[in-house]
Amino acid sequence: MRVEIWSDIACPWCYIGKARFAKGLAGFAHRDEVEVVFRSFELDPNSAKGATAPVVEMLAKKYGRTLDEARGMEEHVAATARAEGLEYRTEGRDHGNTFDIHRLLHLAAARGRQEELLDLAFRANFAEERSVFDPEVLLALGVEAGLEEAEVRAVLADDSAYAAQVRADEREAAELGANAVPFFVLDRRYGISGGQPAEVFTRALEQAWADQEPAEPTPTADACTPEGACTVPQP
(Lines give C-alpha, C1' and ligand atoms only; values in the text may rest on other atoms or scores of the structure.)
Protein backbone atom coordinates (compact mmCIF):
# COMPACT_ATOMS: atom_id res chain seq x y z
CA MET A 1 0.00 0.00 0.00
CA ARG A 2 1.19 3.51 -0.75
CA VAL A 3 0.36 6.51 1.42
CA GLU A 4 1.08 9.96 0.01
CA ILE A 5 1.23 12.92 2.38
CA TRP A 6 1.05 16.50 1.12
CA SER A 7 2.53 18.91 3.65
CA ASP A 8 4.57 22.06 4.18
CA ILE A 9 7.38 22.53 6.66
CA ALA A 10 5.79 25.82 7.79
CA CYS A 11 2.57 24.05 8.80
CA PRO A 12 2.31 23.11 12.51
CA TRP A 13 -0.57 20.73 11.85
CA CYS A 14 1.65 18.90 9.35
CA TYR A 15 4.26 18.50 12.10
CA ILE A 16 1.60 17.21 14.49
CA GLY A 17 -0.21 15.20 11.82
CA LYS A 18 2.95 13.37 10.81
CA ALA A 19 3.45 12.26 14.42
CA ARG A 20 -0.16 11.15 14.71
CA PHE A 21 0.03 9.25 11.42
CA ALA A 22 3.17 7.46 12.65
CA LYS A 23 1.26 6.34 15.75
CA GLY A 24 -1.68 5.25 13.62
CA LEU A 25 0.64 3.33 11.31
CA ALA A 26 2.28 1.62 14.29
CA GLY A 27 -1.13 0.21 15.21
CA PHE A 28 -1.70 -1.23 11.72
CA ALA A 29 -0.98 -4.94 11.34
CA HIS A 30 0.51 -4.57 7.84
CA ARG A 31 2.62 -1.50 8.63
CA ASP A 32 5.78 -3.07 7.16
CA GLU A 33 4.06 -3.24 3.77
CA VAL A 34 3.18 0.46 3.63
CA GLU A 35 5.25 2.84 1.50
CA VAL A 36 5.02 6.45 2.67
CA VAL A 37 5.78 9.24 0.18
CA PHE A 38 5.86 12.91 1.09
CA ARG A 39 4.59 15.44 -1.45
CA SER A 40 5.11 19.19 -1.75
CA PHE A 41 2.53 21.83 -0.87
CA GLU A 42 3.52 25.50 -0.33
CA LEU A 43 1.32 27.48 2.04
CA ASP A 44 2.76 30.81 0.95
CA PRO A 45 4.23 30.35 -2.55
CA ASN A 46 4.07 34.06 -3.34
CA SER A 47 6.28 35.14 -0.45
CA ALA A 48 9.63 36.52 -1.55
CA LYS A 49 12.58 34.18 -1.33
CA GLY A 50 14.81 35.16 1.56
CA ALA A 51 12.19 37.39 3.20
CA THR A 52 11.08 36.23 6.64
CA ALA A 53 8.85 37.53 9.43
CA PRO A 54 8.40 36.41 13.05
CA VAL A 55 5.61 33.85 13.28
CA VAL A 56 3.77 35.67 16.09
CA GLU A 57 3.73 38.91 14.10
CA MET A 58 2.59 37.06 10.98
CA LEU A 59 -0.30 35.45 12.87
CA ALA A 60 -1.37 38.77 14.38
CA LYS A 61 -1.42 40.43 10.96
CA LYS A 62 -3.08 37.49 9.19
CA TYR A 63 -5.91 37.13 11.72
CA GLY A 64 -6.23 40.74 12.81
CA ARG A 65 -5.24 39.89 16.38
CA THR A 66 -3.07 41.53 18.99
CA LEU A 67 0.39 40.12 19.60
CA ASP A 68 -0.79 38.68 22.91
CA GLU A 69 -3.70 36.94 21.17
CA ALA A 70 -1.32 35.57 18.54
CA ARG A 71 0.95 34.25 21.27
CA GLY A 72 -2.09 32.53 22.79
CA MET A 73 -2.77 30.87 19.45
CA GLU A 74 0.79 29.59 19.34
CA GLU A 75 0.55 28.34 22.91
CA HIS A 76 -2.53 26.33 22.00
CA VAL A 77 -0.76 24.63 19.09
CA ALA A 78 2.31 24.08 21.26
CA ALA A 79 0.21 22.30 23.88
CA THR A 80 -1.26 20.03 21.20
CA ALA A 81 2.22 19.26 19.83
CA ARG A 82 3.63 18.52 23.28
CA ALA A 83 0.74 16.15 23.97
CA GLU A 84 2.04 14.13 21.01
CA GLY A 85 5.56 14.09 22.46
CA LEU A 86 6.85 16.86 20.17
CA GLU A 87 8.94 19.83 21.18
CA TYR A 88 7.54 23.21 20.09
CA ARG A 89 8.92 26.71 20.55
CA THR A 90 6.40 29.53 20.70
CA GLU A 91 8.94 32.36 20.43
CA GLY A 92 11.81 33.03 18.09
CA ARG A 93 10.45 31.19 15.05
CA ASP A 94 10.19 32.82 11.64
CA HIS A 95 7.99 32.30 8.58
CA GLY A 96 8.92 32.50 4.92
CA ASN A 97 9.06 30.88 1.49
CA THR A 98 9.52 27.09 1.63
CA PHE A 99 10.23 26.37 -2.05
CA ASP A 100 13.93 25.57 -1.47
CA ILE A 101 13.06 23.16 1.32
CA HIS A 102 10.67 21.30 -0.97
CA ARG A 103 13.29 21.13 -3.71
CA LEU A 104 15.76 19.61 -1.25
CA LEU A 105 13.14 17.12 -0.10
CA HIS A 106 12.86 15.89 -3.69
CA LEU A 107 16.63 15.50 -3.86
CA ALA A 108 16.44 13.57 -0.59
CA ALA A 109 13.67 11.38 -2.02
CA ALA A 110 15.87 10.55 -5.01
CA ARG A 111 18.63 9.49 -2.59
CA GLY A 112 16.37 7.54 -0.25
CA ARG A 113 16.68 10.08 2.60
CA GLN A 114 13.42 12.01 2.30
CA GLU A 115 11.86 11.24 5.68
CA GLU A 116 15.18 11.82 7.45
CA LEU A 117 15.40 15.33 5.98
CA LEU A 118 11.73 16.07 6.63
CA ASP A 119 12.04 15.11 10.30
CA LEU A 120 15.16 17.25 10.69
CA ALA A 121 13.49 20.22 8.97
CA PHE A 122 10.36 19.96 11.12
CA ARG A 123 12.48 19.76 14.25
CA ALA A 124 14.64 22.72 13.22
CA ASN A 125 11.58 24.84 12.42
CA PHE A 126 9.41 24.03 15.42
CA ALA A 127 11.75 22.88 18.19
CA GLU A 128 15.20 24.37 17.67
CA GLU A 129 16.82 27.75 17.32
CA ARG A 130 17.56 27.20 13.63
CA SER A 131 15.84 28.95 10.74
CA VAL A 132 14.97 26.63 7.86
CA PHE A 133 14.86 29.73 5.65
CA ASP A 134 18.64 30.20 5.99
CA PRO A 135 20.49 28.45 3.11
CA GLU A 136 23.35 27.49 5.43
CA VAL A 137 20.90 25.83 7.82
CA LEU A 138 19.34 23.96 4.90
CA LEU A 139 22.79 22.83 3.81
CA ALA A 140 23.54 21.56 7.31
CA LEU A 141 20.19 19.76 7.52
CA GLY A 142 20.80 18.08 4.17
CA VAL A 143 24.19 16.82 5.29
CA GLU A 144 22.72 15.65 8.62
CA ALA A 145 20.11 13.71 6.64
CA GLY A 146 22.88 11.87 4.80
CA LEU A 147 23.09 13.84 1.55
CA GLU A 148 26.35 14.83 -0.11
CA GLU A 149 27.28 18.42 0.74
CA ALA A 150 28.31 19.26 -2.82
CA GLU A 151 25.03 17.97 -4.19
CA VAL A 152 22.98 19.97 -1.65
CA ARG A 153 24.97 23.11 -2.49
CA ALA A 154 24.37 22.56 -6.19
CA VAL A 155 20.61 22.23 -5.73
CA LEU A 156 20.40 25.32 -3.53
CA ALA A 157 22.40 27.30 -6.07
CA ASP A 158 20.13 26.33 -8.98
CA ASP A 159 16.52 27.48 -8.58
CA SER A 160 15.43 25.13 -11.37
CA ALA A 161 16.73 21.97 -9.68
CA TYR A 162 13.75 19.79 -8.69
CA ALA A 163 11.43 22.75 -9.30
CA ALA A 164 9.37 20.75 -11.81
CA GLN A 165 8.86 17.98 -9.24
CA VAL A 166 7.61 20.47 -6.65
CA ARG A 167 5.19 22.03 -9.13
CA ALA A 168 3.96 18.61 -10.24
CA ASP A 169 3.14 17.71 -6.63
CA GLU A 170 1.24 20.96 -6.21
CA ARG A 171 -0.74 20.47 -9.42
CA GLU A 172 -1.64 16.95 -8.33
CA ALA A 173 -2.81 18.24 -4.95
CA ALA A 174 -5.13 20.65 -6.72
CA GLU A 175 -6.45 17.87 -8.99
CA LEU A 176 -7.17 15.73 -5.93
CA GLY A 177 -9.06 18.59 -4.30
CA ALA A 178 -6.53 19.17 -1.52
CA ASN A 179 -6.99 22.74 -0.32
CA ALA A 180 -5.38 22.32 3.10
CA VAL A 181 -2.52 20.36 4.60
CA PRO A 182 -1.69 17.86 5.85
CA PHE A 183 -3.53 15.82 3.24
CA PHE A 184 -3.19 12.04 3.20
CA VAL A 185 -4.06 9.81 0.24
CA LEU A 186 -4.19 6.03 0.78
CA ASP A 187 -3.74 3.96 -2.39
CA ARG A 188 -5.51 6.70 -4.34
CA ARG A 189 -8.82 5.53 -2.85
CA TYR A 190 -9.09 7.35 0.46
CA GLY A 191 -8.38 10.97 1.27
CA ILE A 192 -7.89 12.25 4.82
CA SER A 193 -7.59 15.97 5.52
CA GLY A 194 -5.95 17.44 8.59
CA GLY A 195 -4.05 16.17 11.60
CA GLN A 196 -6.56 13.50 12.61
CA PRO A 197 -6.19 11.38 15.77
CA ALA A 198 -3.99 8.29 15.42
CA GLU A 199 -6.94 5.90 15.59
CA VAL A 200 -8.52 7.54 12.52
CA PHE A 201 -5.40 6.74 10.52
CA THR A 202 -5.34 3.15 11.77
CA ARG A 203 -8.96 2.62 10.75
CA ALA A 204 -8.37 4.20 7.34
CA LEU A 205 -5.33 1.99 6.73
CA GLU A 206 -7.34 -1.09 7.66
CA GLN A 207 -10.17 -0.04 5.38
CA ALA A 208 -7.87 0.64 2.44
CA TRP A 209 -6.08 -2.66 3.00
CA ALA A 210 -9.36 -4.54 2.92
CA ASP A 211 -10.17 -2.77 -0.36
CA GLN A 212 -13.69 -1.97 0.72
CA GLU A 213 -15.97 0.48 -1.00
CA PRO A 214 -14.95 4.07 -0.21
CA ALA A 215 -16.24 5.16 3.16
CA GLU A 216 -17.80 8.47 3.99
CA PRO A 217 -15.14 11.21 4.03
CA THR A 218 -13.55 11.73 7.40
CA PRO A 219 -14.32 15.04 9.11
CA THR A 220 -11.82 17.79 8.52
CA ALA A 221 -9.31 18.21 11.33
CA ASP A 222 -6.89 21.02 12.13
CA ALA A 223 -5.01 22.01 9.02
CA CYS A 224 -3.28 24.89 7.26
CA THR A 225 -4.62 26.63 4.15
CA PRO A 226 -2.97 29.09 1.78
CA GLU A 227 -5.80 31.59 2.21
CA GLY A 228 -5.95 31.59 6.00
CA ALA A 229 -2.52 30.42 7.12
CA CYS A 230 -3.01 27.81 9.85
CA THR A 231 -6.42 27.31 11.38
CA VAL A 232 -5.88 27.53 15.09
CA PRO A 233 -8.81 27.00 17.48
CA GLN A 234 -9.29 29.59 20.15
CA PRO A 235 -7.42 28.75 23.37
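- Taking 4.5 Å as the limit, some side-chain heavy atom of K49 sits within range of a side-chain heavy atom of D159.
- Side-chain atoms of F122 and C14, non-hydrogen and from C-beta on, do get closer than 4.5 Å to each other.
- Inspection of the Y88 and E74 side chains reveals an N or O donor paired with an N or O acceptor under 3.5 Å.
- Between F183 and I5, every side-chain heavy-atom pair lies at or beyond the 4.5 Å cut-off.
- R123 forms no cation-pi arrangement with Y15, by the criterion of a distance under 6.0 Å to the ring centre and an angle within 45° of the ring axis.
- Residues that satisfy the side chain to side chain contact (heavy atoms under 4.5 Å, CB included) test with T80, not counting sequence neighbours, are W13, I16, R20, H76.
- Salt-bridge formation is not detected for the pair R39/E170: no Lys NZ or Arg NE/NH1/NH2 atom is positioned less than 4.0 Å from an Asp or Glu carboxylate oxygen.
- The CZ atom of R71 sits 9.0 Å away from atom OG1 of T90, with the distance rounded to the nearest 0.5 Å.
- Residue S131 comes nearest to D94 through the heavy atom pair OG-OD2, 2.9 Å, listed as atom of the first residue, atom of the second, then distance.
- Ion pairing between K23 and E84 holds under the 4.0 Å rule for side-chain N and carboxylate O.
- Shown here are the salt bridge (charged side-chain N to carboxylate O under 4.0 Å, His left out) partners of E57, two or more places apart in sequence or in another chain: there are none.
- For D8, the side chain to side chain donor-acceptor pair (under 3.5 Å) partners are T98, H102, not counting sequence neighbours.
- Checking side-chain atoms of D187 against main-chain N and O of R189 turns up no donor-acceptor pair under 3.5 Å.
- Applying the salt bridge (charged side-chain N to carboxylate O under 4.0 Å, His left out) test to every pair with at least one member in residues 25-37, sequence neighbours left out, gives these pairs: R2-E35.
- L120 and L141 make their closest contact through CD1-O, 3.7 Å (heavy atoms, listed as atom of the first residue, atom of the second, distance).
- A salt bridge links E149 to R153: at least one charged side-chain nitrogen sits closer than 4.0 Å to a carboxylate oxygen.
- Here R89 does not pair with E128 in a salt bridge; the nearest charged N to carboxylate O distance is not below 4.0 Å.
- With values rounded to the nearest 0.5 angstrom, L107 atom CG is found 9.0 Å from L156 atom CG.
- Side-chain contact check for L105 versus F38: every heavy-atom pair is 4.5 Å or farther apart.
- In this structure, the salt bridge (charged side-chain N to carboxylate O under 4.0 Å, His left out) partners of D119, at least two apart in sequence or on a different chain, are K18.
- Two residues are said to be in side-chain contact when any heavy atoms from C-beta on lie closer than 4.5 Å; E4 and F184 fail this criterion.
- Annotation: the span from C11 atom SG to F126 atom CZ amounts to 6.5 Å, rounded to 0.5 Å.
- Across every non-hydrogen atom of S40 and D169, the tightest pair is N-OD2, 2.9 Å.
- Across all non-hydrogen atoms, the minimal contact from R103 to D158 is NH1-O, 2.8 Å.
- Under the salt bridge (charged side-chain N to carboxylate O under 4.0 Å, His left out) criterion, R82 pairs with no residue at all, not counting sequence neighbours.
- Salt bridge present: R167 and E42 bring a charged side-chain N and a carboxylate O closer than 4.0 Å.
- At a threshold of 4.5 Å between non-hydrogen side-chain atoms, the residues L176 and W6 count as touching.
- Of the possible polar contacts, one joining the N125 side chain to the I9 backbone as a donor-acceptor pair under 3.5 Å is found.
- Across every non-hydrogen atom of A70 and R65, the tightest pair is N-CB, 4.4 Å.
- Salt bridge status for E148 with R111: absent, with no side-chain N to carboxylate O gap under 4.0 Å.
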